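Side chains included, hydrogens not; waters and symmetry mates left out as well; all remaining heavy atoms used. When a residue number appears, it is its place in the shown sequence, counting from 1. Order of listing sets the numbers, starting from 1, for every ligand and every atom in it. If you're wondering where the values come from, they're calculated on a predicted model, not measured in any experiment.
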Amino acid sequence: MAKVTPWEVEGNIDYGKLIEEFGTKKIDASLHHKIAEIAGEEHVMLRRDFFYSHRDLGLVLKDYEAGKGFFLYTGRGPSGDMHLGHLIPLIFTKWLQEKFKVNLYISLSDDEKFLHKRNLSWDDVDKYSARNALDIAAVGFDPERTFIFRNSEYAKNAYPLLMQVAKKITFSTAKAVFGFTNETNVGMMNYPSYQIVPSFFEKKRCLIPCAIDQDPYWRIQRDIAGPLGFEKAAAVHSKFFPPLQGIEGKMSASNTESAIWLDDSEKVVRKKIMKYAFSGGRETVEEHREKGGDVSVDVSFQWLKMLFEQDDKHLKDIESEYSSGRMLSGELKQLLVDKVNAFLEGHRARRDKINIDEFMYSGKLSKKMWETTHKA
Ligand code: TYM
């Protein structure tokens, strides 16, 4: 049995079933069409169904077209350095901000990670918050329209609104939605209020790009938004970027060898992909040439498809070369190694130039946020 919660993802995930279980909707052809019409194109992760599920995305587009607008909110729990999987929602969020020119709030949930991870000290989350903030900003957001904040630091401004949210969530709801038990610390029990509160930073509809594991929060948000005088949040959910070892499950920080970290050197990237990336190739070269490789289980191909080969024609060529046996596993892996290394090089070069102040304190939106105290 697969398990998907905000803190744990295990087993073979049936993404179609998750839609039913969580009560979300598949991004259908008409939504694809509408987005392409407004944005002029579809991001590769939408086009290839990696972002596949949503709540009220249609209403977001309606609000946009009616001139009401909307805003974006996403986040990251700074429990360590970041890997490629953590960048997925951020890359897509950047595209949305660019196309729709909207405000974006990014939470660093230092509180959540400190409370949840037994062995993480406050000094650790402090250090990772600072490092993660740079990696987040390096994705390329508009500093004038982006506010990156640490929950612990911004809490004083959000406190009145936070209390309004906390007052609306009963222990029984939090227990039912998140599986809290008698052993859960009381800090963690109120964490859902902190994750929900930024969805109320503006009196417009909030659109939240994230992987599907974060959806339980939005279910509660949607129950309490109306009574508090706000719009129900909309969300757009991705699947999980798979671990190197196989397309099931998620790239996870708790398994170093399953992930590529943003600071992995060229050599390490090459070694990890060559050694661990699960291959859809055959046992021997002869058998491979004869029967061809299976792209549906091949992690290198799937990573190319999800993000790293954005040219549809190139991807098709790779698929036909590999499936026919003309391309070998080592050659396919080499294509991925080159793409990942080029991507990481670009990321780190952008990161070197970031002035984080602009995103957290001195940009137009950041400044405004520090001057505002939120009340419902
Ligand atoms: P965290 O730090 O676990 O993950 C950050 C974001 O990355 C997504 N994610 C992945 N996406 C694709 N493939 C993967 N392998 C993968 N692993 C993680 C997560 O869904 C998340 O969107 N509680 C949150 C932090 C948070 C937040 C938010 C996230 C605070 N407010 C609002 C989304 C929206 C957390 O610990 O995320």
Q: Is it possible for you to check whether Lys113 lies under 6.0 Å from the centre of the six-membered ring of Tyr128, through NZ or CZ, and within 45° of that ring's axis?
A: no
**Q.** Co-members of the apolar cluster containing Trp261 [side chain, <4.5 Å]
**A.** none
Q) Ion pair present between Arg205 and Glu231, side-chain N to carboxylate O less than 4.0 angstrom? A) yes
Q. Against heavy atoms of Ser109, which atoms of ligand 1 measure under 4.0 Å?
A. 25 (C)
(Q) Quick check on contacts: which atoms of ligand 1 are under 4.0 angstrom from a heavy atom of Asp213? (A) 19 (C), 20 (O)
(Q) Closer than 4.0 Å to some heavy atom of Thr74 - which atoms of ligand 1 meet that? (A) 28 (C), 32 (C), 33 (C), 34 (C)
Q: Measure the distances from the heavy atoms of Trp218 to every atom of ligand 1 and state whether one is below 4.0 angstrom.
A: yes
Q: Please verify whether a non-hydrogen atom of Pro89 lies at under 4.0 Å from ligand 1.
A: yes
Q) Could you go step by step and tell me if Phe71 and Phe201 meet the ring-ring contact (aromatic ring centres under 6.0 Å, His included) rule? A) CA-CA 9 Å; Phe71 69 99; Phe201 279 176; 7.7 Å; no
Q | Protein heavy atom at shortest distance from atom 33 (C) of ligand 1 | A | Gly75 N, 3.6 Å
Q: Would you confirm whether Ser258, through its side chain, and Ser252, through its main-chain N or O, come within 3.5 Å as a donor-acceptor pair?
A: yes
Q | Any side-chain heavy-atom pair of Val102 and Phe70 under 4.5 Å | A | yes
**Q.** For Lys113, the ligand 1 atoms whose distance to one of its heavy atoms is below 4.0 Å
**A.** 36 (O)
Q: Considering only non-hydrogen protein atoms, determine which one is nearest to atom 35 (C) of ligand 1 and report residue, atom name and distance to 0.1 Å.
A: Gly77 N, 3.6 Å
Q: Using non-hydrogen atoms of the residue, decide whether Tyr128 is closer than 4.0 angstrom to ligand 1.
A: no
Q) Hey, what's the ring geometry for His288 with Tyr322, parallel, tilted or perpendicular (30° and 60° as the breaks)? A) tilted
Q) If you count the atoms of ligand 1 from 1 in the order shown, which ones are under 4.0 Å from a heavy atom of Ile208? A) 34 (C)
**Q.** Atoms of ligand 1, numbered as shown, that sit under 4.0 Å from any heavy atom of Lys239
**A.** 12 (C)
**Q.** Polar proximity ligand 1 side, Phe241 side, N/O cut 3.5 Å exclusive
**A.** yes
Q.
Counting non-hydrogen protein atoms only, what is the nearest one to atom 31 (N) of ligand 1? Give residue, atom name and distance.
A. Tyr73 OH, 2.8 Å
Q. Judging by distance only, is a nitrogen or oxygen of Phe50 under 3.5 angstrom from one on ligand 1?
A. no
Q) What atoms of ligand 1 come closer than 4.0 angstrom to any heavy atom of Cys210? A) 22 (O), 33 (C)
Q: Could you tell me whether Glu112 and ligand 1 have an N or O pair separated by under 3.5 Å?
A: yes
(Q) Does ligand 1 come near enough to Gln195 that some N or O of the ligand is less than 3.5 Å from an N or O of the residue? (A) yes
Q. Under a single-linkage rule joining Ile, Leu, Val, Met, Phe, Trp and Tyr whose side-chain heavy atoms are separated by less than 4.5 Å, which residues share a cluster with Tyr52?
A. Val4, Val9, Ile13, Tyr15, Leu18, Ile19, Phe22, Ile212, Phe240
Q. With respect to Pro209, which candidate in Leu90, Ile88, Leu96 satisfies the side-chain contact (heavy atoms from CB on, under 4.5 Å) definition?
A. Leu96
Q: Using a strict 4.0 Å threshold on nitrogen-to-oxygen distance, state whether Asp123 and Lys127 make a salt bridge.
A: no
**Q.** Salt-bridge present (Arg48, Asp312; N to O < 4.0 Å)
**A.** yes
